[in-house]
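Worksheet for the structure shown next.
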Amino acid sequence: MGDGGILELGAPALAPRSSAPRHVALIMDGNGRWAAARGLPRFEGHRRGVDALRKTVRAAIEFGIDYLTVYSFSVENWSRPPEEVQSLLALLHRFIRNDLAELQANNVRVKVIGEREGLAPEISALLLEAEQTTEANTGLTLVVAFNYGARQEITAAARALAEEVAAGRLRPQDIDTEAIARRLDTADIPDPDLIIRTSGEQRLSNFMLWQAAYAELLFVPVHWPDFSRADFEAAIDDYAQRDRRFGGLAPGDCRAKTAS
Ligand code: FPP
């Protein structure tokens with residue numbers, strides 16, 4: 001019996017299917033609408049959003065995902081009413097205080113992306129503590145995007161490159177996509193394979209714009225607090241059905257033979 005490899009004679013020319021995603025990124029949207037639909041304050045939606053996050057992290061570990069990125073607070077979120085900003089900061093604080101021990105016990109490495117400058121010292125210290133406590137872990141990497149904006153991240157990379165050129169350490173002709181990628185917050189993280197946004201909204205909202213170049217996008221019509229393990233599993237199954245060609249052609253595509 002053959003091994004099903006591409007050299008096996010008579011094997012059907014099936015396009016290869018993507019398998020499990022290595023890196024899943026989540027835009028956890030819909031907390032406010034979830035709360036409004038129940039006559040609850042927005043804070044309650046965010047609080048239940050943390051419960052959903054906790055369950056999703058556990059599922060990601062179980063599914064063997066290497067990287068899980070969560071959009072927890074964008075640079076634009078500072079424009080929300082001060083009490084909502086305070087509640088989101090308090091939830092981040094509580095999440096790290098209450099869940100760090102479980103993350104550590106589960107071999108999860110926490111990494112934070114986003115602008116650190118200008119944050120309140122207690123928030124910076126908390127983020128650093130989460131990273132330092134878990135830095136030697138080798139399981140799931142939980143990437144927390146906090147005070148994150150993709151345009152800001154790309155702008156900072158451009159500025160760093162310009163400074164290196166001005167200082168004579170880099171030649172403009174050496175700036176390529178790799179040089180830019182290495183100066184992003186995600187320098188040591190592979191690009192997301194799958195980006196899931198809950199709540200039915202279909203946009204990226206300044207999230208991982210560079211890294212999303214070839215990501216598969218999935219928009220799920222449930223509000224984030226209702227996002228379940230089954231929804232996550234269905235998203236991964238959906239991903240597994242997709243053909244990723246990265247701008248090329250799938251092996252076995254008849255156009256591959258005629259393309260010059
Ligand atoms: C979007 O819902 C969600 C956010 C702005 C924050 C997401 C934060 C959490 C799930 C909890 C905090 C995270 C950590 C890491 C502890 P929305 O408020 O925009 O919902 P809406 O569009 O329905 O109003």
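We're numbering straight along the sequence, starting at 1.
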Using a 4.5 Å side-chain heavy-atom cut-off and chaining through intermediate ILVMFWY residues, the residues clustered with Phe246 come out as Tyr214
Are [X] and [Y] close enough for a salt bridge, meaning some N to O gap below 4.0 Å?
X      : Y      : answer
Arg169 : Glu164 : no
Glu216 : Arg244 : yes
Lys111 : Asp185 : no
Glu44  : Arg38  : no
Glu233 : Arg229 : yes
Lys55  : Asp51  : no
Glu102 : Arg58  : yes
Glu131 : Arg116 : yes

Give a yes or no answer on whether the side chain of [X] reaches the backbone of [Y] with a donor-acceptor pair at less than 3.5 Å.
X      : Y      : value
Asp193 : Pro21  : no
Thr134 : Val110 : yes
Ser228 : Asp231 : yes
Ser72  : Ala145 : yes
Thr133 : Ala130 : no
Asn206 : Arg151 : yes
Arg197 : Arg203 : yes
Asp176 : Glu178 : yes
Thr198 : His223 : no
Trp224 : Gly49  : yes

In this structure, CZ of Arg183 is separated from CG of Leu161 (nearest 0.5 Å) by 4.5 Å
So CG of Leu140 and CG of Asn107: to nearest 0.5 Å the spacing works out to 9.5 Å
Less than 6.0 Å separating the ring centroids of Phe63 and Phe232? yes
Regarding His93 and Glu122, do their side chains bring together a donor and an acceptor under 3.5 Å, going by distance alone? no
*Distance-only donor-acceptor check, side chains Arg33 and Ser199, under 3.5 Å*: yes
Plane angle bin for Tyr67 and His23 - parallel if under 30°, tilted between 30 and 60°, otherwise perpendicular
tilted
Those residues at least two apart in sequence (or on a different chain) that pass side-chain contact (heavy atoms from CB on, under 4.5 Å) with Asp66 are Arg22
